[in-house]
Each structure stands twice: as structure tokens, then as C-alpha cells.
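Below: one structure, written as C-alpha cells.
Keep in mind the model is a prediction, meaning the values are calculated, not measured.
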Amino acid sequence: MKLLIQNACYIAFNGETKQADILVENGIISKIEQNIEAVVDRKVDAAGKLVSPGFIDLHVHLREPGGEKKETIATGTLAAARGGFTTIAAMPNTRPVPDTKEQMEWLQNRINETAKVRVLPYASITTRQLGRELTDFEALKDAGAFAFTDDGVGVQSAERMLAAMRKAAANNMAIVAHCEENTLINKGCVHEGSFSMKHGLNGIPSICESVQIARDVLLAEATGCHYHVCHISTKESVRMVRDAKHAGINVTAEVSPHHLLLSEDDIPGLDTNFKMNPPLRGADDRMALIEGLLDGTIDFIATDHAPHTAEEKSEGMVLAPFGIVGLETAFPLLYTHFVLKNIITLDQLIQFLTIKPAGAFGLPYGRIDVGAPADLVILNLDDESEIKPEEFLSKGKNTPFGGWKCKGWPEMTIAGGQIAWEKGCVLA
């Protein structure tokens with residue numbers, strides 16, 4: 001598709017706001033100039049809107065294969081496009097797990113067949129994510145693995161994690177860690193704090209996460225491996241990452257929108273839409289996460305989009321699965337509650353969702369420049385709408401943010417030069 005975006009207001013790589021026309025040809029941005037004249041397949045007038053690089057989410061769950069009742073690659077990537085995301089990284093806790101070259105090749109083919117946006121698939125660190133036998137890192141890298149993670153379960157053996165980091169470093173690949181020490185989980189379903197005490201629930205203590213981060217940053221130092229911490233949630237974890245960075249260890253970290261926006265104090269009773277892992281922590285943890293994001297300890301934002309069926313989420317706080325969806329609401333929630341409240345700037349928010357995740361993993365995405373991939377989202381910053389889960393394109397409707405009114409909604413998402421989603425249109 002040859003596409004011309006006219007009157008585009010955008011934030012350049014140096015943070016400067018500019019206005020120009022953007023010409024897209026053969027999947028790349030071919031020209032950024034004033035008043036471009038060209039014969040194109042489609043002209044889009046972006047006057048009064050903001051054009052951003054397509055967002056990048058390096059932590060999503062697409063559930064396929066094995067969990068198609070919750071989500072598929074097709075529905076998950078359409079939800080991503082609706083949220084303005086053009087590159088997402090899919091976690092490997094599927095059935096079967098992408099733990100062999102053959103399964104990774106199958107997954108890549110399925111992505112090519114059905115995905116609406118770019119999908120970077122993770123491979124597992126261990127066979128079937130059981131924490132015992134390391135996978136064949138070399139073969140999985142050759143088959144297109146983005147990085148290695150056993151997300152959903154922490155690697156319990158320090159010996160196994162050390163060996164994994166050595167293999168990852170030898171292959172110039174990252175280890176991405178869900179940090180959870182199993183002996184400290186306490187059969188918990190929420191954070192160990194005031195909410196768990198009030199409702200008589202087993203709580204997951206903060207140290208369950210931070211103690212494994214402390215172990216792993218030292219292993220990363222010993223191996224030189226790029227070590228990335230998933231969905232950081234506690235003040236102790238922020239301190240561990242900050243200290244590791246000060247020591248020169250190659251560690252990066254992400255935080256999810258719900259941990260920036262909510263604490264255990266915001267849970268309105270036994271509503272399983274507020275059950276996620278890691279759980280919503282204390283108010284002091286939430287403030288530490290915001291501080292860590294602002295001072296560079298935390299590198300970027302990732303949604304941890306985790307769809308489940310309504311039936312599963314109806315099983316009560318103890319039995320219901322952990323997780324909420326997030327792809328379709330991340331930007332408007334963060335724009336409304338952080339940018340409009342002057343906690344961060346618009347440029348900072350866009351960086352946390354684009355150039356910073358790209359930079360952390362050496363990806364060539366997340367910028368508006370001639371020659372760059374044509375991954376763009378057109379945002380209407382004045383559009384104020386209510387979050388309506390029943391209108392989600394994801395199969396999952398499990399969100400704690402239903403009914404919230406937010407500004408800053410995407411109107412069109414362009415992925416690889418193709419229109420992946422457009423407000424008011426149904427795309428095949």
C-alpha cells in the first residue's frame with residue numbers, strides 16, 4: 001500500500017514537535033516533507049491529531065496454541081492494533097510450549113498466516129517450562145526466537161539459571177525473567193498486606209519477587225548476560241535493579257500500567273478482575289514504581305496482556321486465574337492519569353512505549369524517520385470515551401478499568417505500511 005498522511009503533527013526523535021506530511025511506500029517511511037504531492041492508494045488527513053510511532057509491547061500472552069478460548073494470534077494482534085501497538089512479543093506459556101525448533105517454526109508460520117501486527121515470539125528457557133532441562137538455545141535462535149523466558153513461573157534453580165545465562169550470553173540473546181521464589185508464594189492469590197488480612201486470604205509477600213531478582217542480577221554480572229525483569233512490582237525490586245545498574249550490570253526492567261495506576265487499596269472487594277500476578281501491591285510500592293520509571297531504573301512499560309474466559313474469572317479470588325487484558329487501554333489510561341496530571345510528559349510516555357523498549361532489545365522500530373519501518377498510530381488526544389470491555393476486540397474482557405473515562409484514543413494503526421486497524425471500520 002502507498003499511503004500519504006497529511007498534516008501530521010508528530011514528536012521527532014529529538015523530542016521536538018513537528019508538522020509535515022508522511023509518505024509510506026513498500027512498508028517504510030519514504031518521505032517526510034511539507035505538502036507532498038504523490039499518487040497514492042489512500043490519503044489520511046491527520047490535522048488536529050498526533051502521529052506517534054507504533055507502540056511496542058514486549059510482554060503479551062496470545063494463548064495460541066492451546067488456549068484459543070482465551071485468545072488467538074488473530075484476535076490478540078487485532079486488539080494490539082486497536083490499542084496502537086504494532087510490535088508485540090508473545091510469551092511462551094502455551095500448549096505446546098515453543099521449546100523446540102519445530103514448534104518455533106510452527107509458531108512463526110501461524111504468526112505469518114494470521115497476525116495483524118508484528119509478533120516476536122519468545123522461546124522457553126527450559127523444556128515445557130518445568131525448570132529442569134535447558135532448551136536448545138542455538139536452534140531456537142535460528143528458528144526466530146526473540147529471547148528466552150519461562151514467564152509464568154520463575155526458574156527456581158540458581159544452577160539452572162546460571163547455565164541459561166551462559167548459553168544466552170554466548171548466543172547474544174536475553175534472559176527475560178518472571179521473578180517468583182516458589183517457597184515464598186504462600187499459596188497466595190493477592191498481595192500480602194491490608195487487603196489479604198481484611199478478607200482472610202493468603203498473600204504473596206513482596207520478597208517473593210525481590211529475592212529472585214537479587215539472585216539473578218548477580219548471576220547476570222557473572223555471565224555478562226542481558227537480564228530483563230518482567231512486570232516489576234515492589235519497592236524492594238526497584239532498589240535491586242537500581243543498585244544493579246549502578247554496579248554496571250546489564251539489567252533492564254519493565255512495569256505494567258496496572259501497577260502504575262493501582263494498589264491493593266483500590267481493590268473493591270473480591271473482584272477477580274483485580275487478580276493478577278504479580279499482585280497489586282501497597283501504595284508505597286506504586287510510588288516507588290513511578291519514581292523508578294522516572295529516574296531510569298525501569299526502562300519501559302509493557303502491558304502483560306493476559307486474557308481469560310469469563311467462566312474462569314468467575315471462579316472466585318482463590319481459584320480464578322491471574323491476569324488482566326491491557327492492549328486496548330494502555331495508552332488512554334496512561335495519557336489521562338499521567339500526562340494530563342503532569343506526572344510525565346507526552347514525549348516521555350511515547351518513549352516508554354516505543355523507543356525505550358526498542359532500545360533495550362536492539363530493535364529497529366519505534367521512531368518516525370525516513371527509511372524507518374512504517375509503524376504508526378494516529379491518536380486523538382481530545383477524544384474522551386469510556387472503557388467498555390464488551391467492545392474489546394480481544395477475546396478477554398477481564399479488566400479492572402471498565403467504566404473509566406479516558407482521553408487519548410487511537411484512530412488508526414499502520415503496521416508495516418498496512419492499515420491494521422481503523423476506528424469504525426471492520427478489516428478482514
Side-chain angles (χ1 to χ4, degrees), residues 59-72 75-76 79 90-95 97 129 150-154 178-182 184-206 208-209 230-231 233-234 256-259 261-282 285-286 302-330 333 387-404:
H59 191 147
V60 306
H61 299 269
L62 297 181
R63 305 301 188 197
E64 187 178 2
E68 288 84 354
K69 286 185 178 180
K70 303 170 187 273
E71 193 78 285
T72 65
T75 59
M91 289 297 175
N93 56 341
T94 54
R95 295 296 178 267
V97 174
Q129 295 186 293
D150 274 4
D151 183 62
V153 287
H178 172 112
C179 294
E180 196 167 33
E181 170 55 54
N182 286 355
L184 298 175
I185 291 175
N186 191 35
K187 298 181 180 178
C189 58
V190 294
H191 173 60
E192 184 180 82
S194 58
F195 183 87
S196 66
M197 292 180 62
K198 177 181 178 181
H199 294 278
L201 298 169
N202 284 3
I204 304 171
S206 295
C208 178
E209 174 181 288
C230 290
H231 44 46
S233 71
T234 78
S256 298
H258 43 277
H259 289 116
L261 289 160
L262 300 169
S263 74
E264 63 171 345
D265 299 334
D266 299 303
I267 306 175
L270 301 177
D271 184 345
T272 60
N273 284 320
F274 288 78
K275 181 181 179 181
M276 63 281 291
N277 192 13
L280 296 175
R281 305 287 188 181
D285 294 299
R286 188 177 80 87
T303 69
D304 191 13
H305 175 81
H308 294 291
T309 66
E311 291 75 18
E312 289 170 317
K313 276 294 192 178
S314 69
E315 293 178 349
M317 194 66 91
V318 174
L319 296 178
F322 293 100
I324 65 170
V325 292
L327 284 167
E328 296 174 70
T329 58
L333 280 167
I387 294 174
K388 297 179 179 179
E390 66 274 14
E391 295 181 0
F392 287 170
L393 298 181
S394 168
K395 285 189 175 185
K397 316 302 177 187
N398 45 307
T399 176
F401 300 113
W404 287 36

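The minimum heavy-atom distance between P307 and E71, with the atom names listed, is CG-CB, 3.5 Å. Looking at every heavy atom in both residues, D285 comes nearest to S233 through CB-O, 3.6 Å. Of all heavy-atom pairs between E68 and E64, the closest is OE2-CG, 3.3 Å. Of all the heavy atoms in S263 and R286, the pair that sits closest is N-CD, 4.2 Å. D271 and M317 make their closest contact through O-CE, 3.4 Å (heavy atoms, listed as atom of the first residue, atom of the second, distance). Nearest approach of V325 to G396, heavy atoms of both residues: CG1-O, 3.7 Å.
In this structure, the side chains of S194 and D265 come closer than 4.5 Å at one or more pairs of heavy atoms. V190 has its side chain out of reach of F274: every pair of non-hydrogen atoms, C-beta onward, lies at least 4.5 Å apart. Contact of the M276 side chain with the S256 side chain is not registered, since no non-hydrogen atoms from C-beta on lie closer than 4.5 Å. With contacts defined as side-chain heavy-atom distances shorter than 4.5 Å, the pair L327/F392 does not qualify. Between E264 and E192, the closest side-chain pair of non-hydrogen atoms is not below 4.5 Å.
Donor-acceptor pairing under 3.5 Å is lacking for the side chains of S394 and E328. In this model, no donor atom of one side chain and acceptor atom of the other lie less than 3.5 Å apart for R281 and T234. There is no side-chain donor-acceptor pair under 3.5 Å between H258 and D304.
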Quiz prompt | Verdict with reasoning, L280 to D266, per side-chain contact (heavy atoms from CB on, under 4.5 Å) | solution = CA-CA 9 Å; L280 296 175; D266 299 303; 5.7 Å; no
Exercise. Begin from the C-alpha positions of E315 and T272 and carry the test side-chain contact (heavy atoms from CB on, under 4.5 Å) through to its verdict.
Key: CA-CA 8 Å; E315 293 178 349; T272 60; over 6 Å; no
Self-check item: side-chain contact (heavy atoms from CB on, under 4.5 Å) between W404 and T329, intermediate numbers included
Solution: CA-CA 10 Å; W404 287 36; T329 58; over 6 Å; no
Practice problem: Applying side-chain contact (heavy atoms from CB on, under 4.5 Å), run through R63 and H308 and close with a yes or a no. | Solution: CA-CA 9 Å; R63 305 301 188 197; H308 294 291; 3.3 Å; yes
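The aromatic rings of H231 and H59 sit tilted, their planes meeting at an angle between 30° and 60°. F195 and H199 have tilted rings, their planes meeting at an angle from 30° to 60° on a 0 to 90° scale.
Of the possible donor and acceptor atoms, one in the side chain of N398 sits under 3.5 Å from a partner among the backbone N and O of A306. Of the possible donor and acceptor atoms, one in the side chain of T72 sits under 3.5 Å from a partner among the backbone N and O of T75. With hydrogens and angles ignored, the 3.5 Å screen pairs no side-chain donor or acceptor of K388 with any backbone N or O of G402. For the pair N186 (side chain) and P205 (backbone), a donor-acceptor distance under 3.5 Å is absent. K395 places no side-chain N or O within 3.5 Å of a backbone atom of K69 that could act as its donor or acceptor partner. Checked by atom type and distance alone, the side chain of K275 never pairs as donor or acceptor with a backbone atom of L270 at under 3.5 Å.
The CG atom of L184 sits 12.0 Å away from atom CD of E209, with the distance rounded to the nearest 0.5 Å. To the nearest 0.5 Å, atoms NE2 (H61) and CG (N93) are separated by 5.0 Å. Annotation: the span from K313 atom NZ to N273 atom CG amounts to 6.0 Å, rounded to 0.5 Å. Once rounded to the nearest 0.5 Å, the distance linking CD of E181 with CD1 of I204 reads 13.0 Å. Rounding to the nearest 0.5 angstrom, the gap separating the CG atom in N202 from the SG atom in C189 is 7.0 Å.
A salt bridge links E312 with K70: at least one charged nitrogen is closer than 4.0 Å to a carboxylate oxygen.
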